[in-house]
Amino acid sequence: MMRKQLLTALLALGCMTYAGAEINRLVVEPNAKGAPIPSTMYGLFFEDINYAADGGLYAEKIKNRSFDFPTPLQGWNAFGKVEVRNDGPFANNPNYVRLSPAGHTDKWTGLDNEGFFGVSFEKGKDYRFSVWARVPDGGTSKVRVELEDPATMGEGQDKCAKEFEVTGKDWKKYTVTLSPSETVSKGKLRVFLVKPETTVDLEHLSLFPTDTWKGRENGLRNDLVQKLADLKPGVFRFPGGCIVEGTDMDTRYEWKKTVGPVENRPVNENRWHYTFRHRFFPDYFQSYGLGFYEYFLLSEDIGAEPLPILNVGLVCQYQNHDESAHASLNELQPFIDDVLDLIEFANGPVDSEWGKVRAEMGHPEPFNLKYVGIGNEQWGPEYTTRLEPFIKAVRAKYPDIKIVGSSGPDSEGKQFDYLWPEMKRLKADLVDEHFYRPESWFLAQGNRYDNYDRKGPKVFAGEYACHGKGKKYNHFNAALLEAAFMTGLERNADIVEMATYAPLFAHVEGWQWRPDMIWFDNFRSMPTASYYVQQLYSLNKGTQVVPLKMDGKAVAGNEGQNGLFASAVKEDPSGDIIVKVANTGDTAQELQIDFKGLKKKQHYSSVEITTLHADNDAENTLDNQEIVKPKVENYNADSITDMNVSIPAKTFAVYRFKK
């Protein structure tokens, strides 16, 4: 039994059980040989939904920076004599603007950009403005760039400004640093043609903070990447999601268009801008500035295995019911080539066609890609007949690459039951399961993977989140049920190889879908309760499963288990035993954690208890980010061989026993 010191500490904090209370005895076998836990077990899924890329993770502050939206000046307000032309220096972004003299001493020519829910900037920070420019008739022209606060009560709107000269007929890149005197969340970028005026052409106007993640010029937003890094993810799935499919062939995601010089990456329509009429954002496009090279870099930075998802020749089946909308079987070769070329881009030598592209972008070393997903959330024979030639081609050229197939959009039912046997027949390595489901589903799924066929493909729980009935937004109880469900993922680590919550990001002014793991505005970002659940699992992943049972059964919310879900792992080489318990019920539960089969003199000398709880089913906000947050307590003792403790109602707890 525990020594007196630990008993006293627990009693003082009200953690011990009370006489006469029902005891839930959890029997843990720390020396039993369990399944190894994959390094990829808990990870991240990224999709450009909710302004997650442009306006979010991608730190560019200018919307429609190359004037290549279908409406070329969308996001811009032009004044004076501004003309959009389409014979620019970049083949994939042909549009640019010509600023000509306004024709009067008191008139001006130029443009404002509204940014993403405003152009935000902070006092004390520097911003890098760049533009490709020329003087079409030769000579010199002068341009002034300003950061503005249009709502200011001060004498002037500009909070910083720089002028620079553009010289000659050839296109050149010009860069200036802007240092604002005030912090503004909903500002604008303004460009003037300076008097005396000489016509100038401008293309690819860009504004980045200089303090991007790792200081990269085409960089990512620091606070958002840091939150990803703090999760210690094992896998990073990108770029989606439904955007992989597109609404039609012209708008599907094509990775080859996202690499190379950023100025020449074309704009693509984001299928989420019009998907929901009740959450409509007609200015939501993809600049492709955050492309596959940047995704691979990010995976490397945060220590996660990259998992790119590629198109299988099908566009969104929800939106297209006519077979003619999709690529036919005899039109698949370009799609297959995209998969093979991507593997070469990631792993190939620098003298290969696509390995050379990677090297020229600044990464001669391979990215060591191990996984590739083919198709997102497809279903039916339309999917499997197309997937088969992809698998054959990848196996023939890259036999070590693991292939991820799909079980469709449902967690069970007709399409699910059809696709799993097909994935086995095709010998996919993993099957991507998706489930956005209500509380009742998560409470009933504690044993989901206990009886899966261990000889078939592994499971990738690629998109999941608890959607509260009548309460779809983020709230604590949904996160608690996700934690309960994840005990079943962990207990079945021999069949579940990876799992990723979805979606990852959402801008508070630009979301189409919720709940989401991380919310943000133009300055701040906020971890949700679901974020902390994912983090607690990832930081306490362990290296192998150890048995944990109650009355000889897995603790999975079964009848007679009082709403409890639990799992246990061992972490080597420390030898720590980590017990995770979710109490989904409305009353506290008394636990007795017994270690069975301890060797002579084997015991633990301390326990770290981390709890996650929120009163009244609360959730964090950007203004109050401390409502839901893990609380950690540590207790020491001479010898711990079991422990009695009370877990409060509606609480997720992690008990880490240390030697």
Side-chain angles (χ1 to χ4, degrees), residues 36-47 52-53 56-59 211-216 218-239 290-309 342-343 345-347 358 361-373 400-402 404 429-430 458 460-462 486 489-490 493 496-505 517-518 525 527 530-544 569-574 576 578 610 630 654 656:
I37 297 173
S39 62
T40 56
M41 189 70 180
Y42 306 113
L44 299 168
F45 161 62
F46 181 89
E47 179 166 12
L57 184 63
Y58 186 50
D211 66 340
T212 57
W213 177 257
K214 293 189 177 291
R216 294 176 181 136
N218 189 55
L220 306 181
R221 188 170 143 175
N222 253 327
D223 62 321
L224 296 182
V225 179
Q226 189 61 58
K227 283 182 171 57
L228 303 186
D230 290 345
L231 287 166
K232 304 294 183 185
V235 65
F236 182 59
R237 175 188 173 210
F238 60 86
L290 174 54
F292 263 47
Y293 178 76
E294 289 76 23
Y295 285 129
F296 278 117
L297 274 183
L298 177 57
S299 300
E300 187 174 80
D301 289 345
I302 61 178
E305 296 289 352
L307 173 52
I309 309 296
L342 176 67
I343 298 170
F345 174 79
N347 295 350
R358 181 195 71 240
M361 293 184 73
H363 202 285
E365 303 83 7
F367 283 116
N368 195 26
L369 177 67
K370 300 182 181 71
Y371 300 88
V372 64
D400 293 334
I401 293 290
K402 290 186 176 182
V404 181
D429 296 289
L430 294 98
K458 303 288 188 181
F460 172 30
M486 291 174 73
L489 300 180
E490 187 163 270
V496 180
E497 189 164 323
M498 53 183 72
T500 55
Y501 177 99
L504 180 57
F505 287 122
M517 193 194 295
I518 300 167
S525 54
S530 292
Y531 174 96
Y532 286 123
V533 165
Q534 297 293 321
Q535 187 179 56
L536 286 172
Y537 269 91
S538 187
L539 298 185
N540 296 282
K541 179 173 55 181
T543 53
Q544 74 170 61
V569 298
K570 183 177 182 179
E571 182 180 85
D572 287 325
S574 69
D576 290 359
I578 306 165
T610 305
V654 179
R656 179 183 278 263

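A quick note: this is a predicted structure, and the numbers were derived from the prediction, not measured. No hydrogens, no waters, no symmetry mates; every other heavy atom, side chains included, goes into these values.
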- Message: Between D301 and R216, does any NZ, NE, NH1 or NH2 come within less than 4.0 Å of an OD or OE carboxylate oxygen?
- Response: yes
- Query: Heavy atoms, side chains only, cut-off 4.5 Å: are L504 and L228 in contact?
  - Reply: yes
- Task: Quick one: closest heavy-atom pair of P38 and V496, and the distance?
- Result: CG-O, 3.9 Å
- d(I37 CD1, T543 OG1) to nearest 0.5 Å is 6.5 Å
- With distance as the sole test, does T500 use its side chain to make a donor-acceptor pair with the main-chain N or O of R237 at under 3.5 Å? no
- Message: Nearest 0.5 angstrom please: N347 CG to E365 CD, how far?
- Response: 12.5 Å
- Query: Any side-chain donor-acceptor pair under 3.5 Å between Q226 and D230?
  - Reply: yes
- Message: So, taking the atom named NZ in K370 and the one named OG1 in T40, what distance separates them when rounded to the nearest 0.5 Å?
- Response: 10.0 Å
- Is a side-chain donor-acceptor pair under 3.5 Å present for Y58 with N218? yes
- Is a side-chain N or O of D429 found less than 3.5 angstrom from the main chain of V404, in a donor-acceptor match? no
- Salt bridge check: are D223 and R221 linked by an N-O gap of less than 4.0 Å? yes
- Task: Decide yes or no for V235 and L44: does some side-chain heavy atom of the first lie under 4.5 Å from some side-chain heavy atom of the second?
- Result: no
- Do you know the tightest heavy-atom contact between I578 and V654? CG2-CG1, 3.6 Å
- Message: Measuring only between side-chain heavy atoms, which start at C-beta, is L298 closer than 4.5 Å to F236?
- Response: yes
- Note on the structure: Taken in chain and number order and not counting sequence neighbours, the residues that satisfy side-chain hydrogen bond (donor to acceptor under 3.5 Å, both in side chains) with Y293 are none
- Does K541 use its side chain to pair, donor to acceptor, with the backbone of S39 at less than 3.5 Å? yes
- R358 versus H363, closest heavy-atom pair with distance: NE-O, 2.9 Å
- Is the backbone N or O of Y531 less than 3.5 Å from a side-chain atom of Q534, with the two atoms forming a donor-acceptor pair by type? no
- So how far is it from N222 CG to W213 CH2, rounded to the nearest 0.5 Å? 7.0 Å
- Query: Do E497 and Y371 have side-chain N/O donor and acceptor atoms under 3.5 Å apart?
  - Reply: yes
- Message: Counting C-beta onward and ignoring hydrogens, is there a side-chain heavy-atom pair between I302 and K232 closer than 4.5 Å?
- Response: no
- Listed partners of E47 passing side-chain hydrogen bond (donor to acceptor under 3.5 Å, both in side chains), at least two apart: W272
- Is there side-chain contact between K570 and D576, with heavy atoms separated by less than 4.5 Å? no
- Message: Could you go through F46 and Y295, starting from their C-alpha distance and side-chain angles, then the distance that decides it, and tell me whether this counts as ring-ring contact (aromatic ring centres under 6.0 Å, His included)?
- Response: CA-CA 10 Å; F46 181 89; Y295 285 129; 5.6 Å; yes
- Interatomic spacing from CG in L369 to NZ in K402 - rounded to 0.5 Å: 12.5 Å
- Task: Please report the shortest heavy-atom distance between I309 and F292, naming the atom on each side.
- Result: O-CZ, 4.4 Å
- Chi angles and distances behind the side chain to side chain contact (heavy atoms under 4.5 Å, CB included) call for E490, Y537: CA-CA 9 Å; E490 187 163 270; Y537 269 91; 3.7 Å; yes
- Task: Check the pair L489 / M41 against side chain to side chain contact (heavy atoms under 4.5 Å, CB included), numbers first and verdict last.
- Result: CA-CA 9 Å; L489 300 180; M41 189 70 180; 4.1 Å; yes
- Please report the C-alpha distance between M486 and Y42 in whole Å, then the side-chain angles of each, then the deciding distance to 0.1 Å, and finally whether the side chain to side chain contact (heavy atoms under 4.5 Å, CB included) criterion is met. CA-CA 10 Å; M486 291 174 73; Y42 306 113; 3.7 Å; yes
- Any chance the side chains of S525 and K227 put a donor and an acceptor closer than 3.5 Å? yes
- Query: About how many Å separate CG of N540 and CD of E571, when rounded to the nearest 0.5 Å?
  - Reply: 7.5 Å
- If we ignore angles and hydrogens, is there a donor and acceptor under 3.5 Å between the side chains of S538 and Q535? no
- Chi angles and distances behind the side chain to side chain contact (heavy atoms under 4.5 Å, CB included) call for S530, Y501: CA-CA 9 Å; S530 292; Y501 177 99; 3.7 Å; yes
- Grab the two heavy atoms, one from I401 and one from V372, that are nearest each other, plus how far apart they are. CG2-CG1, 3.6 Å
- Query: Heavy atoms, side chains only, cut-off 4.5 Å: are P527 and Y532 in contact?
  - Reply: yes
- So F296 and F238, would you call those rings parallel, tilted or perpendicular, with 30° and 60° as cut-offs? perpendicular
- Note on the structure: Heavy-atom closest pair (V569 atom, G542 atom, distance to 0.1 Å) is CG2-CA, 3.9 Å
